[in-house]
*Asks:* 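This structure is in structure tokens; I'll ask about it shortly.
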Amino acid sequence: MTLPGSYEPYDFANRRHIGPSPEEMTEMLRVLGVQSLDALIAETVPQAIRQAEPLDFGKPLSERGGLDHLRETANKNRVLTSLIGQGYHGTILPPVIQRNILESPAWYTAYTPYQPEISQGRLEALLNFQTLVSDLTGLDVANASLLDEATAAAEAMALAHRVTKSKATAFFVDAECLPQTIAVVKTRGEPLGWDVIVGDPFKDLDPERVFGALFQYPGVSGAFHDFSEVIRRLHAAKALAIVAADPLALTLLKPPGEMGADIAVGSMQRFGMPMGYGGPHAAYIAVKDIYKRSLPGRIVGVSIDARKNRAYRLSLQTREQHIRRESSTSNICTAQVLPAVIASMYAVFHGPKGLKAIAERVHRKAARLAEGLASLGFDIRPQAFFDTITVGVGPYQGLIMKNAVDYGVNLRKVGTDRIGITVDERTRPATLEAVWRAFGGYDLVYRDAYPEYRLPKALIRHSAYLTHPVFHMNRAESEMTRYMRRLADRDLALDRAMIPLGSCTMKLNATAEMLAITWPEFAEIHPFVPADQARGYAELIADLCDKLCRITGYDAFSMQPNSGAQGEYAGLLTIRAYHKSRGEGHRNVCLIPASAHGTNPASASMCGMKVLVVATDANGNIDLDDFRSKAEANAGALAAAMITYPSTHGVFEETVTDICAITHANGGQVYLDGANLNALVGLARPGDVGADVGHINLHKTFCIPHGGGGPGMGPIGVKQHLAPFLPGHPETGGNAMTVSAAPYGSASILPISWSYCLMMGGAGLTQATRVAILNANYIATRLESTYGVLYKGRGGRVAHECIVDTRPLLERAGVTVDDVAKRLIDCGFHPPTMSWPVAGTLMIEPTESETKAELDRFCDAMLAIYDEAQAIAEGRADKQNNALKGAPHTVEDLIGDWNRPYSREAACFPAGAFRVDKYWPPVNRVDNVYGDRNLVCSCPPMESYVKAAE
Ligand SMILES: *Cc1c(COP(=O)(O)O)cnc(C)c1O
């Protein structure tokens, strides 16, 4: 039977990810004055770089087909109970947090909280996180998360070097540190000429020889010590002490701060995040007050708004790489906000008593386990432990490990004759019985009697923690649900409005792509399980790498870097290792255009490279003459050039192939920052253009949500000649160079990018790129005659983003770029990227996901703001007291006294703002200077809450 009427093929995949309907696209093309999308792309993307073959992955999968395929792949992973420890533990994520944070787009689609007025919710959650960390570690100031424990340790080493008065160039690492931490610290120290000495802190540490030392507490074998005396000796030699500590153990044990440690680092994974085959998890770093200005990453602080109400914001931003560039000691940009929020909520949910009870339960299980094994005659070490023991097994290591797997448990191999066991929150009596059986204890049964504590008396914690009321709220789930909802409602995320942040590619994170990340088959896999338990992951990673190779024209990928900036660092290390292998290890000059993202120069200096800045011309292009002359003048020492394509100015530079050729001719390698890949997929390939290596931000182009500032993934692709130099890992082999704690970075979010590729297919991905370019050009066209668009390609078109100029408004009306950005909040938008890469401008990237209606709402808002500025310029509005300077407006402005020359209506409901679904920022404009002068980085006392509420 045939249906009446004509049958029109309907493309579900494209409709999910692509905002404008076919009719809307026709209308938009008409506004642009082009015949077709093909014609627009031909005007935009230089013919010389267009890829020869269309991207083709075969037929795209439907939503159901994609989920079925993910299910099949997940089933190839085997979920056993992993008691491997080594920095990763089984956890129980309270369902109320899983559903309302991890699975809630209000939380996971938010951007980094650079605009504090629309970020108060996640800023409060992060402040809770910082309070949690500084309380547990006994140190003064904590940041809002780092990428993982190993990189946090490396950041701590760099911090120590920056602030130490010691002249030493060596760094000491406790042999009890996690193997992956040791590998990452060694990798980080090597290019900077820091000798990393690994040994026993009580025997091998000579404080005079080192600028700092790192200890693990408890150590990987389960042992722990009071480091107070060693720390005193370090301080006498002007060296710093860093303790990598397990935060759950710290609920029972004397914290690093009380031992005199300067810095503490660690992983908050145990606070509810699943192991996820290695990540994402929030790492923490905390320091003594005197070092707070050297702390890497982001720090949430407390300030006030225009009404002098309390308001949160990111503080001390001048420390960050986007300001300090090549003199920065850290390149941290995207961190782990969502996992940090989850850890903070886990602490709010359990409170100090609950956390302590969990730690005691874990300890009790470990003590029971040890008792049972001792009763079987095994040698148990250490005598005092928290959750980890090792068992002497003589020649039976292999046999017992295999038995354990047969009983469903993974244990850790230690040397040739011992086995390590780490218990956790999930460990049940049956788990212990399975372990005993693996060791031959068939008759042992778990008894609920309380075993003797095995913690040393001298190290028991007496100090209080989490005394702030937020950790003592009523634990009814209704309270918890409403607290999370309240915070989410304060924020503006993608679930409410377009986030047109240039360079950040805030595109749709489709629900179907998100579903798999909490499936136990992906979430509950320890990163160091035997390969035959992670076949599903292996298949997923291999296929995603293959697809990324076909998209980019690179030949191999490493999934290790867990952010874009980590990718830059890993890629430059790869280049360095390549030069070394050819006897050209002296090459250390890196050319970087002035317009580059701040992480580029920061990453280069982390690799010990000397950064030479290349000028950009009036059109925003790399100044080819300057580039050539700097490359030629440094031909003997040129290591690399770092370029961004299309450029950070949002333009396809025609000279990109020349730049690559000049770099190669002078002995350098080309690093291509792939943050802008959303303008290339399916149209052009970095590998064909001449790049040798580059990262891709899977959290930009490939749909991993931004999480409010992480997690992310920044895998790097390389051409064949660099493939042998990609990072390795102590657990999986390969190169000695290691950049992340886990072999595949934050592996558990890879299903998101993979399902995006599967459900879009090659043609769908290409269409997404084309529409991203269409949407950007539509905005550029609509705003051109007012604001003006700063840079354009030869065809008069922009790429996937455009920079509009607000500087004339400053001249004519005293209106700053800040005023425009904050006024956009009144209109119901997240402001675009501000003053980067050009001061006084806004960089707008709509992505393919936004509909014409949303683009028009945004353009209408921008044009109305322009008119408001015009009114000031023409004297129709007051220069100081106007809606732009007063923005953003809150409910407070709608009630109470009003003595301004503009109406409340105009203040609160400008163009773009919804009448019913109006987004109300919870605070007025936040005072940045006040916050930095009066730095407060943990939860303020309760009286100030009362005051704020008054
Ligand atoms: C986002 C971005 C980066 C950094 O990526 P992270 O994942 O935040 O570390 C680097 N370069 C450019 C151009 C970017 O837009």
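Ligands are counted one by one from 1 in listed order, and the atoms in each one are counted from 1 as well. Computed from heavy atoms alone, side chains included, the values below leave out hydrogens, waters and symmetry copies.
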*Asks:* Quick one: which of Lys547, His17, Glu513, Lys507 gives a side chain to side chain donor-acceptor pair (under 3.5 Å) with Tyr756?
*Replies:*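 Of the listed options, the one satisfying the test is Lys507.
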*Asks:* Taking atom OG of Ser595 and atom CG of Asn600, what is their separation to the nearest 0.5 Å?
*Replies:*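 Ser595 OG to Asn600 CG: 9.0 Å, rounded to 0.5 Å.
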*Asks:* Does ligand 1 come near enough to Thr334 that some N or O of the ligand is less than 3.5 Å from an N or O of the residue?
*Replies:*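 There is such a contact, yes.
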*Asks:* Counting heavy atoms only, name the option from Gly709, Ser603, Gly564 that's nearest to atom 6 (P) of ligand 1.
*Replies:*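 Answer by nearest heavy atom: Gly564.
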*Asks:* Please check if the side chain of Asp491 supplies one atom and the backbone of Ala493 the other of a donor-acceptor pair under 3.5 Å.
*Replies:*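 Judged by distance alone, no pair lies under 3.5 Å.
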*Asks:* Less than 3.5 Å between some nitrogen or oxygen of Ala565 and one of ligand 1, yes or no?
*Replies:*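 Right, the criterion is met.
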*Asks:* Below 4.0 angstrom from a heavy atom of Cys333, which ligand 1 atoms are there? Numbered from 1 as shown, please.
*Replies:*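 The list of qualifying atoms is 8 (O), 9 (O).
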*Asks:* Backbone N or O of Ser330 within a donor-acceptor pair of the Ser328 side chain at under 3.5 Å?
*Replies:*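 Yes; at least one donor-acceptor contact below 3.5 Å.
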*Asks:* For atom 11 (N) of ligand 1, find the nearest protein heavy atom and state the residue, atom name and distance (0.1 Å precision).
*Replies:*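 So the nearest neighbour among protein heavy atoms is Asp673 OD2, 2.5 Å.
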*Asks:* With side chain to side chain donor-acceptor pair (under 3.5 Å) as the criterion, how do Arg298 and Tyr114 come out once you've worked through the C-alpha distance, each side chain's angles and the decisive distance to 0.1 Å?
*Replies:* CA-CA 10 Å; Arg298 305 200 177 99; Tyr114 283 128; 3.1 Å; yes
*Asks:* Using modelled atom types and a 3.5 Å cut-off, is there a donor and acceptor pairing between side-chain atoms of Gln336 and backbone atoms of Ala340?
*Replies:*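 A pair under 3.5 Å: no.
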*Asks:* Minimum heavy-atom separation for Ser755 to Pro751, with atom names?
*Replies:*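 That closest heavy-atom pairing would be OG-O, 2.6 Å.
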*Asks:* List every atom of ligand 1 that sits less than 4.0 Å from any heavy atom of Glu568, numbering the atoms from 1 in the order shown and giving each element.
*Replies:*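 Here the atoms of ligand 1 in question are 10 (C), 11 (N).
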*Asks:* Looking at ligand 1, is there an atom of it that comes within less than 4.0 Å of some heavy atom belonging to Gln566?
*Replies:*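 Distance cut 4.0 Å: Gln566 fails for ligand 1.
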*Asks:* Which option wins on minimum heavy-atom distance to atom 12 (C) of ligand 1: Ser563, Ser647, Ala675, Ser595?
*Replies:*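 The option holding the nearest heavy atom is Ala675.
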*Asks:* Using a strict cut-off of less than 4.0 Å between a Lys/Arg side-chain nitrogen and an Asp/Glu carboxylate oxygen, indicate whether Glu190 and Arg576 qualify as a salt bridge.
*Replies:*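 Answer for the salt bridge query: yes.
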*Asks:* Could you check atom 15 (O) of ligand 1 against the protein and tell me its nearest heavy-atom contact, residue, atom and distance included?
*Replies:*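 Ranking protein heavy atoms by distance from atom 15 (O) of ligand 1, first comes Ser503 OG, 2.5 Å.
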*Asks:* Name the closest protein heavy atom to atom 5 (O) of ligand 1, giving the residue it belongs to and the distance to 0.1 Å.
*Replies:*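 Protein heavy atom with the smallest distance to atom 5 (O) of ligand 1: Asn697 ND2, 3.0 Å.
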*Asks:* Indicate yes or no: does an N/O atom of His699 lie under 3.5 Å from an N/O atom of ligand 1?
*Replies:*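 N/O-N/O distance below 3.5 Å exists for this pair.
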*Asks:* Counting only nitrogen or oxygen atoms and a 3.5 angstrom limit, does Lys700 reach ligand 1?
*Replies:*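 Right, the criterion is met.
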